[in-house]
Novice: 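Next up is a structure, given as structure tokens.
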Amino acid sequence: MFANHLDTKVGTPDITKLPSRNGFGDGLVEAGKRDAQVVALCADLTESTRVLPFAEMFPKRFLQIGIAEQNMASVASGMAAMGKVPFIASYAMFSPGRNWEQIRTTVAYNNVNVKIIGAHAGISVGPDGATHQALEDIGLMRLIPNMIVIAPADAIEARKATLVAAKHNGPVYIRIGRSDTPVVTTDDSPFVLGKAELFYTKKEGTEKSVAIVVTGTLAHNALLAAVELEAMGIGVSVLHMATIKPLDVDALVSLASAHDAIVTVEEHQITGGLGGAVTEALSSTHPIKITRLGVADQFGQSGEPDELLAHYKLDVKAIVEAAKAIVA
Amino acid sequence: MHYLTSADVTRLELTANHIRQSIIEMLVEAKSGHTAGPLGMADIFTLLYFEVLQHDPKNPNWADRDRLILSNGHICPVLYATLAHAGYFPIEELMTLRKFGSRLQGHPHREALPGLETTSGPLGSGLSQAVGMALAERMDNPYSSKYFYCLAGDGELNEGQIWEAAMLAGKEKLHNLIMIIDRNGIQIDGYTKDVMPLEPLAEKFESFNFDVQEVDGHNIRAMNDAIGKAQAVYGQPSVIIAHTIASKGVDVFERDFRWHGNPPGKGPEDRVPKSEQAKVALEKLRTLAGMISKTDIS
């Protein structure tokens, strides 16, 4: 059963599709209106990262850094040291891909209030190909002390995550996507930092049950898979893990206690990301069989997002098959 | 800018020598760390903390203080020693350098010790942070009288990020930004001219729209004048290329790149045996100034 706060068109082809980056753009403008200390920095990708509306509304609080992501991270560190709340935006492949050490040392170890927006994350970047498809960023950021890591489900959640990040005092990483993806949540859906949300609750009384733990814009694929699996007589819950760090271990343990197995789903390498985090957490708290869906130690390639999700086994069919197999 | 009397210069030179003595003592005690850069920069740090900076050691977080960003974090013994002599923390604490539990980390960590404006060690990121600070200040206060000093090594100019930051500083015309480069001509692997030639360095910064001065980094009056001129520059950032002598103050260590990353007691042996290095270093310092009365370190 879908959580009642989700969009009424969830599970249907009529669901609205928007890029999650749009939600970041809206959230940034709103954060800028709420707090005059919020500033934005961009490395020559202002339109596609959706920093542009903020830059137009607050030109004196926007800095065009040029194509220099390492500089951008450390400039933001300096601004935060003076009391600003800087958001730095680029493609995830370049920030945190290229400027990881600057983020580690000058942002996270310095423990300053910088928000890192990794746009065009995941395989669904599409035609730009492997050079632009960040599949390692969750791992890169999750490893750094003091860093919070968020992968919103959709544009609405990206807006909320941006506002929450602006209010949180400390480094935050938010990964957002390029392509149009289903808007599954609503303004009424809860979004609490560090708390996972059940998007689908299993039917009681099934012989076998599986929990799908998903992060980011694949949430709707997980929900469609849940509907199919339930029709096959398998009990399914879908937990959306918007915050990957700190991980909601309590939610995971209660999920593991109530299901026979877990499938994790993410647009990321199968090591180091959500699947890695879930496996690490449950291995010491509630060991359970886990299948990790993601890109399996490969680079991506050009193609349309749907083609790529199917090829790398992140579409509805692949999730259904993995879930069936693990409880077979 | 303050005019320095002869008495002021003597006072500052004497303070710099006390700071050099602390640097040698703390490095010997730590048994690791960098010698050449800290000794070479002692005069400039002394001038900054005892004459130039608007700061308050008893209130390190005073909002209106100038900011000093140390980009080449490995020369932190000179920063620590100067902060201690300026009153930020007890001088005795210098002997905890690099030890477990110490606030004096091997490379500086902002949250560990009062007076540190940033964390540094990985090279090339300090100028970016100083630029960010200056930009933030200008957003809030376009007529600010605060200055943002970035101290960098010449070797770290190999890092591309320095030039990314320089490009932005020039673009943004950050006239309250003053970069001071420790031009001692050495880096770990050798002389800068061999590892990665930097010249023509002044012209490089001029082409990035910086006001450029080249100064003898051990001439306290000349450095003070140069900083005063840099403060008066309008519409562009400033850089002072301070020509210094690596390991200045201990002539048997001077100008030798092999002293970049070794403490006295672990340096090259061809001029002074390891067992004699600490003693010789302190004796040379006393000979230099003729005014230091502390007894030998144990």
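Naming: A, B, ... by sequence-line order, numbering from 1 per chain. We use all heavy atoms of the structure for the numbers below, so side chains are in, but hydrogens, waters and symmetry mates are not.
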Novice: Should B:Thr118 and A:Thr106 count as side-chain neighbours, where that means a heavy-atom distance under 4.5 Å?
Specialist: no
Novice: Hey, is NZ on B:Lys99 packed in by over 12 heavy atoms from elsewhere, all under 6.0 Å?
Specialist: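 Check passes, neighbour count above 12.
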Novice: Do A:Asn71 and B:Met167 have side-chain heavy atoms sitting under 4.5 Å apart?
Specialist: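 Contact flag for A:Asn71/B:Met167 side chains = no.
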Novice: As an exercise, state the distance from CG of B:Leu135 to NZ of A:Lys84, rounded to the nearest 0.5 Å.
Specialist: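 That separation rounds to 10.5 Å.
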Novice: Using distance alone, with no hydrogens and no angle criterion, decide if A:Ser74 and B:Gln161 have a side-chain donor and acceptor under 3.5 Å apart.
Specialist: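 B:Gln161 and A:Ser74 do have a side-chain donor-acceptor pair below 3.5 Å.
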Novice: Counting only heavy atoms closer than 4.5 Å, note whether A:Leu63 contacts chain B via side chain, backbone, both or neither.
Specialist: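 The side chain, not the backbone.
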Novice: How would you list, by chain and number, every residue that makes a side-chain contact (heavy atoms from CB on, under 4.5 Å) with B:His74, sequence neighbours excluded?
Specialist: B:His34, B:Asn72, B:His107, B:Leu123, B:His260
Novice: Looking at A:Gln64, A:Arg104, A:Gln37, which makes the most heavy-atom pairs under 4.5 Å with chain B?
Specialist: A:Gln64
Novice: May I ask you to test the B:Arg67-A:Met82 pair for a side-chain heavy-atom distance under 4.5 Å?
Specialist: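 Yes; the side chains approach each other to less than 4.5 Å.
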Novice: With sequence neighbours left out, write down each residue that passes side-chain contact (heavy atoms from CB on, under 4.5 Å) with B:Gln236, or none if nothing qualifies.
Specialist: B:Asp211, B:Val233
Novice: How would you list, in number order, the residues of residues 107-119 of chain A that have a heavy atom less than 4.5 Å from chain B?
Specialist: A:Tyr109, A:Asn110, A:Asn111, A:Val112
Novice: Check whether more than 12 heavy atoms from other residues, nucleotides or ligands sit under 6.0 Å from atom CG of B:Asn59, and answer yes or no.
Specialist: yes
Novice: Distance check, rounded to the nearest 0.5 Å: B:Arg110 atom CZ versus A:Ser77 atom OG?
Specialist: 8.0 Å
Novice: Can you measure from CD1 (B:Ile162) to CD (A:Gln70) and round to the nearest 0.5 angstrom?
Specialist: 11.0 Å
Novice: Using the ring pair (Phe, Tyr, Trp, His ring centres under 6.0 Å) rule, collect all pairs that involve residues 136-156 of chain B, keeping only residues at least two apart or in two chains.
Specialist: none
Novice: Hey, could you give me the CD/CD distance between B:Glu164 and A:Glu69, rounded to the nearest 0.5 Å?
Specialist: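 Taking CD in B:Glu164 and CD in A:Glu69, the distance rounds to 7.5 Å.
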Novice: Any side-chain heavy atom of A:Met79 within less than 4.5 Å of one from B:Met139?
Specialist: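 Touching, per the 4.5 Å side-chain cut-off.
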Novice: Check whether A:Gln102 gets within reach of chain B through its side chain, its backbone, both or neither, counting any heavy atom under 4.5 Å.
Specialist: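 Just its side chain gets close to chain B.
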Novice: Could you give the distance from CG (A:Asn99) to OG (B:Ser125), rounded to the nearest 0.5 Å?
Specialist: 11.5 Å
